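Because only heavy atoms are used, hydrogens play no part in the values below, and waters and symmetry mates are left out as well, while side chains stay in. Order of appearance sets the numbers: ligands from 1, and atoms from 1 within every ligand. As the structure is a computational prediction, the values presented were derived from the model and not from experiment. Along the sequence shown, residues carry numbers from 1.
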Amino acid sequence: MNDVKRTPDVDVVVVGAGFAGLYLLHRFREMGLAALAFERGGDVGGTWYWNRYPGARCDVQSIDYSYSWDTELDDQWEWSERYATQPEILRYLGFVADKHDLRRDVRFSTGVDGAVWNDDTSLWEVRTDDGATTTCRYYVMATGCLSVMKDPDLAGVADFAGDVYYTGRWPHDDVDFTGKRVGVIGTGSSAIQSIPIIASQAADLTVFQRTPNFSLPAYNGPVRPDDAAQINADRTGYREAARWSSGGVPREIPVDSALAVSEDVRRARYEGAWQEGTIFSMMGSFNDIMVNAEANATAAEFVRDKIRAAVDDPATAELLCPTTYPLGTKRLCLDTNYYTTFNEPHVHLVDLHANPISSITPTGIDVVSDDGATSYEFDAIVMATGFDAMTGAIVAVDIEGRDGAELRERWVDGPRTYLGLMSAGFPNMFMVTGPQSPSVLSNMAVSIEQHVDWICDTIEHLRASGHTVIEPTSTAEDGWVQHANDFADITLFPEANSWYMGANVPGKARVVLPYLGGVDRYRRICDEVVERDFLGFEIGGANGAEVNDGVICRVQPDVSIMLEMMEEMALPPLDSMSPVDARAFSEAMSAASPPGPEVGEVLDGTLPGADGNDLAYRLYRPATPGPHPIVVYFHGGGWVIGNATSDDPLCRDLCDQSGSIIISVDYRHAPEARFPAAPDDGFAATTWVAQHAEELGGLSGGLAVAGWSAGANIAAVVAQRARDEGGPTITGQLLLNPVTDGDLTRASYVENADGYILTRALMAWFWDHYADPDQRSDPQASPLRASNLADLPPAMIVTSEFDPLRDEGEAYAQALAAAGVDVHHLRARGQIHTSIPAVGALLSGAGTRSEMAQALRGFSGAGVPA
Ligand SMILES: Cc1cc2nc3c(=O)[nH]c(=O)nc-3n(C[C@H](O)[C@H](O)[C@H](O)COP(=O)(O)OP(=O)(O)OC[C@H]3O[C@@H](n4cnc5c(N)ncnc54)[C@H](O)[C@@H]3O)c2cc1C
């Protein structure tokens with residue numbers, strides 16, 4: 001019999017006794033679990049125990065940045081300022097620890113060095129720096145996002161004869177800089193808070209700046225009466241609103257773009273945000289500040305103007321102005337008199353880009369300068385060089401999971417988590433505000449409470465269901481990492497070399513570390529995982545394990561947001577309308593969409609249709625010198641709605657990116673003109689364009705066809721007819737979400753029947769208006785049914801993952817390839833039927849649109865643009 005010890009020393013080991021560790025201890029005690037916390041510091045407080053530098057304060061208002069789980073605290077604790085100082089926050093956490101007698105479960109001045117999962121016992125063995133090992137069933141890293149200082153990596157620090165201070169490990173005794181010459185290295189948040197205070201004491205202060213930061217005035221002082229009144233009116237409601245807000249602080253979310261208002265309105269909004277004195281105000285002043293570079297630039301310039309107005313010396317002001325990254329993509333700072341401190345005659349700024357530090361010397365700091373080297377002499381140096389954020393404290397511990405897997409190794413290319421809470425291969429190990437959770441981009445008090453509650457409720461669920469082990473599946477984890485990266489990719493965050501990106505630490509993988517979807521969305525997702533029986537988890541115990549494999553967020557984030565907005569608007573379904581009303585409705589929707597890019601020229605005209613009727617067309621000409629290759633484009637709309645201008649943004653984008661003339665031609669619509677009027681018109685129009693190519697400014701000798709949805713159906717039919725009827729020469733076919741078959745029973749019709757705008761019911765409505773049931777097997781209605789698919793022009797077929805038409809598009813791609821046609825098929829991950837044409841509105845489709853344009857270049861032999 002196996003004699004391994006299966007009873008743990010404690011139920012839970014918690015690492016860290018800051019905001020997170022304290023609340024965990026309270027919850028576990030309430031649950032009747034034996035929990036023990038190890039804390040490297042000498043007392044509770046975490047961040048607020050270590051960061052005692054002058055001016056250290058919170059940058060989320062204290063009334064928000066405080067616990068909500070003990071509602072008595074709001075009466076028992078009164079904050080003296082909007083932004084409390086470090087000593088006051090530390091006293092607050094000490095007060096909470098005393099009130100709930102939490103210190104008795106913390107082993108202070110004890111660091112956790114290693115943690116090993118034992119598969120035989122299903123326990124963690126936690127090794128501490130006092131040489132002891134503690135076994136536990138659950139292991140929780142409450143180690144903080146900003147608790148491991150970044151190594152400043154400067155030669156000669158040990159030789160400096162004066163005092164060296166690190167903002168993140170400040171001495172517990174008072175430090176007085178009166179009469180001293182002080183050098184501060186760094187201009188991040190800690191530096192920006194401490195520099196005005198150090199300057200008020202020092203005889204001389206030199207600040208060494210690598211990259212300037214955007215900072216807004218804190219306007220600190222007593223809690224503003226309006227804010228207090230708002231909270232006191234309904235404390236429970238206010239805290240609940242914070243939990244369901246995007247940043248963890250209740251505030252109105254603007255719905256307008258910074259680019260959609262006049263300069264005066266924009267500046268007035270920014271001035272209001274500036275006066276508000278919060279980190280959320282400027283980033284949230286319009287709905288596109290963090291996603292649109294042009295919008296962001298207007299806010300950034302507003303702040304730069306404020307810096308220029310505050311700093312007397314223009315050269316110093318310019319040095320203090322950030323210009324190399326969008327506002328908010330590095331942590332925004334809040335300050336009290338930071339910029340004006342540089343007007344003091346004894347305060348100097350050194351630009352480390354122009355004059356990098358060569359070494360710390362016994363007497364000060366040497367920098368490289370035009371004439372060789374410049375030496376600065378100091379009595380004290382302050383290192384405000386930041387943190388190895390978000391992952392630093394986790395990978396600092398030797399964590400070994402199932403089968404000897406080392407977490408540090410697993411994360412070498414960036415953290416891999418499910419929900420920022422757990423990692424595959426590391427059963428029963430939880431992280432509070434781990435990477436890929438909102439964490440540092442939120443009011444951490446709210447995010448910490450949500451994580452602690454989720455972890456404790458999950459452990460409670462395991463106990464109640466007789467289970468002992470929980471672990472995310474690698475599918476779920478891969479999906480979450482992908483989703484977090486997808487979110488990052490539609491924002492401006494990747495453009496900055498910030499600690500959010502891990503870019504401040506040499507050798508660290510460069511990925512966006514926090515989750516950018518917001519606190520509210522994130523909470524909803526975590527709740528949904530639980531509601532769906534712990535989707536993405538394997539849960540087990542003595543009686544075996546159950547796997548509920550899956551991915552929680554599969555639709556692209558911007559597409560999801562758009563679907564949510566549409567659901568809120570409760571729009572009537574098109575198939576509940578008459579065709580005339582559906583057309584009017586769809587035109588109104590198109591009019592509200594953002595325009596596509598500028599092109600060289602847009603011309604409207606008419607050409608003859610199949611029965612001599614006039615067909616409208618719109619020609620988009622590139623700005624480059626012609627003649628250009630020509631693409632005849634057919635719009636989407638189920639043969640019932642739309643016209644030559646309804647896919648205007650997509651046509652502009654294709655024109656701009658491919659360097660081709662795009663001629664969007666109309667065709668007769670059903671039910672007024674049923675099948676085969678549309679493909680007849682499509683073929684007539686293509687023939688006419690081919691005959692008039694040179695007059696239209698295009699290249700003769702062949703053209704490509706393209707289309708979206710029903711328009712792609714027409715394009716595919718035109719390519720077949722051109723082959724069968726002796727021309728015109730078609731050089732390629734670009735089919736986006738094509739209708740290729742009248743069969744509505746394929747799996748994609750079942751999986752995506754509802755909820756992704758193009759529903760099964762709507763598609764049936766289109767077909768009913770378009771063609772009789774017995775006409776639907778005609779290859780001119782269902783090109784997939786053609787008896788011969790050989791000798792067709794090269795094709796690019798794009799299908800969308802969440803589209804009822806996905807499988808028939810893929811069937812067409814396979815059938816063409818089987819017939820020997822050169823086919824490039826792209827399944828657009830996380831996209832729906834209508835999302836890729838939404839140029840300007842949905843950024844996640846941009847990569848697919850570029851590939852489509854590249855395919856058009858390939859058809860014309862133009863190749864990939866330089
Ligand atoms: C100067 C500063 C100001 C901030 N202001 C705000 C603000 O205004 N609003 C906001 O939302 N957030 C703010 N933050 C972020 C802040 O870190 C969090 O709000 C919060 O304090 C984190 O609490 P925590 O318990 O998760 O982690 P921490 O407070 O960082 O506590 C983690 C603890 O774990 C301990 N630990 C780590 N590794 C080990 C180990 N291996 N063994 C033993 N112990 C270990 C550390 O010693 C530390 O005490 C600020 C951060 C800093 C640095």
> So does E30 have more than 12 non-hydrogen atoms from other groups sitting under 6.0 Å from CD?
Replying inline: yes

On a heavy-atom basis, the closest approach of R127 and D398 is NH2-OD2, 3.6 Å

- Between the side chains of D59 and Y65, does any donor sit under 3.5 Å from an acceptor? no

| said: Under 6.0 Å between ring centres: does that hold for Y49 and F108? | reply: no

Check: Between F426 and Y418, does the ring centroid distance fall short of 6.0 Å?
Finding: no

How about S442 and S447: does a side-chain donor come under 3.5 Å of a side-chain acceptor?
yes

Residue, atom and distance of the protein heavy atom nearest atom 17 (O) of ligand 1 read T47 OG1, 2.7 Å

Taking the six-membered ring of W411 (Phe, Tyr or Trp), confirm whether the NZ or CZ of R416 is under 6.0 Å from its centre and within 45° of its axis. no

So the atoms of ligand 1 within less than 4.0 Å of a heavy atom of V397 turn out to be 41 (N)

Would you say the side-chain atoms of T135 and D9 include a donor-acceptor pair closer than 3.5 Å? yes

Any heavy atom of A56 under 4.0 Å from ligand 1? The part involved is neither

In this structure, atom 27 (O) of ligand 1 is nearest to the protein heavy atom G144 CA, 3.1 Å

query: Do the side-chain N and O atoms of D453 and Y23 include a donor-acceptor pair separated by under 3.5 angstrom?
result: yes

Atom 7 (C) of ligand 1: closest protein heavy atom, distance to 0.1 Å, is D59 OD1, 3.2 Å

Atom 48 (C) of ligand 1 has as its nearest protein heavy atom E39 OE1, 3.5 Å

Of all protein heavy atoms, the one nearest atom 34 (O) of ligand 1 is G16 CA, 3.2 Å

query = Does the N or O separation between S147 and ligand 1 drop below 3.5 Å for any pair?
reply = no

The answer for which part of V440 has a heavy atom under 4.0 Å from ligand 1 is neither

Check: Judging by distance only, is a nitrogen or oxygen of V15 under 3.5 angstrom from one on ligand 1?
Finding: no

Is there a donor in the side chain of S245 and an acceptor in the side chain of R523, or the other way round, less than 3.5 Å apart? no

Worksheet item: Would you say T110 touches ligand 1, if touching means a heavy atom closer than 4.0 Å?
Response: yes

Candidates R331, M431, R40; heavy atom nearest atom 44 (N) of ligand 1 found on R40

Decide yes or no on ring pair (Phe, Tyr, Trp, His ring centres under 6.0 Å) for Y67 and F19, but give the supporting numbers first. CA-CA 8 Å; Y67 285 130; F19 256 98; 5.0 Å; yes

inquiry  = Quick check: V60 and ligand 1, any N/O pair under 3.5 Å apart?
reply    = yes

query = Do T336 and N220 have a side chain donor and acceptor closer than 3.5 Å?
reply = no

Q.
I'd like to know if V432 contacts ligand 1, where contact means a heavy-atom distance under 4.0 Å to any ligand atom.
A. no

- prompt: Are any of the N or O atoms of A445 closer than 3.5 Å to those of ligand 1?
  reply: no

Notebook entry, point to check: Y139 and W117: aromatic ring centres closer than 6.0 Å?
Noted result: no

Greater than 12 external heavy atoms within 6.0 Å of D176's CG
yes

Ligand 1 to G111, heavy atom cutoff 4.0 Å, flagged ligand atoms 42 (N), 43 (C)

So for W50 against ligand 1, with non-hydrogen atoms under 4.0 Å, the contacting part is side chain

message: With a cutoff of 4.0 Å, is S190 in contact with ligand 1, counting heavy atoms of the residue only?
response: no

Numbered in order shown, the ligand 1 atoms found under 4.0 Å of a heavy atom of F387 are 53 (C)

- Message: I'd like to know whether ligand 1 has S442 as a neighbour, heavy-atom separation below 4.0 Å.
- Response: yes

Counting heavy atoms under 4.0 Å, the part of F38 that contacts ligand 1 is backbone

Looking only at non-hydrogen atoms, the one of L146, T143, L24, V148 nearest atom 15 (C) of ligand 1 is L146

Check your understanding: Hey, is the main chain of F387 close enough, under 3.5 Å, to the side chain of N504 for a donor-acceptor pair?
Key -> yes

Margin query: Would you say H26 and D70 are linked by a side-chain donor-acceptor pair, where the criterion is simply a distance under 3.5 Å?
Written below: no

Taking only non-hydrogen atoms of N443 and a 4.0 Å limit, the atoms of ligand 1 in range are 11 (O)

**Asked** Can the ring centroids of Y165 and Y53 be said to lie less than 6.0 angstrom from one another?
**Response** no

Here the atoms of ligand 1 under 4.0 Å from any heavy atom belonging to I448 are 22 (C), 23 (O), 26 (O)

Near C58 (heavy-atom distance under 4.0 Å), the atoms of ligand 1 are 5 (N), 7 (C), 8 (O)

Among non-hydrogen protein atoms, atom 11 (O) of ligand 1 lies closest to M444 N, 2.7 Å

Check: Quick one: does Y49 get a heavy atom under 4.0 Å from ligand 1?
Finding: no

Counting heavy atoms under 4.0 Å, the part of N51 that contacts ligand 1 is side chain

Next item on the list: Look at ligand 1 and say whether Y53 reaches it with a heavy atom at a distance under 4.0 Å.
Entry: yes

shortest atom 19 (O) of ligand 1-to-protein heavy-atom contact is with Y65 OH, 2.5 Å

For atom 31 (O) of ligand 1, the closest protein heavy atom turns out to be G46 CA, 3.4 Å

With no hydrogens and no angle check, just 3.5 Å: does a side-chain donor-acceptor pair link R40 and S147? no

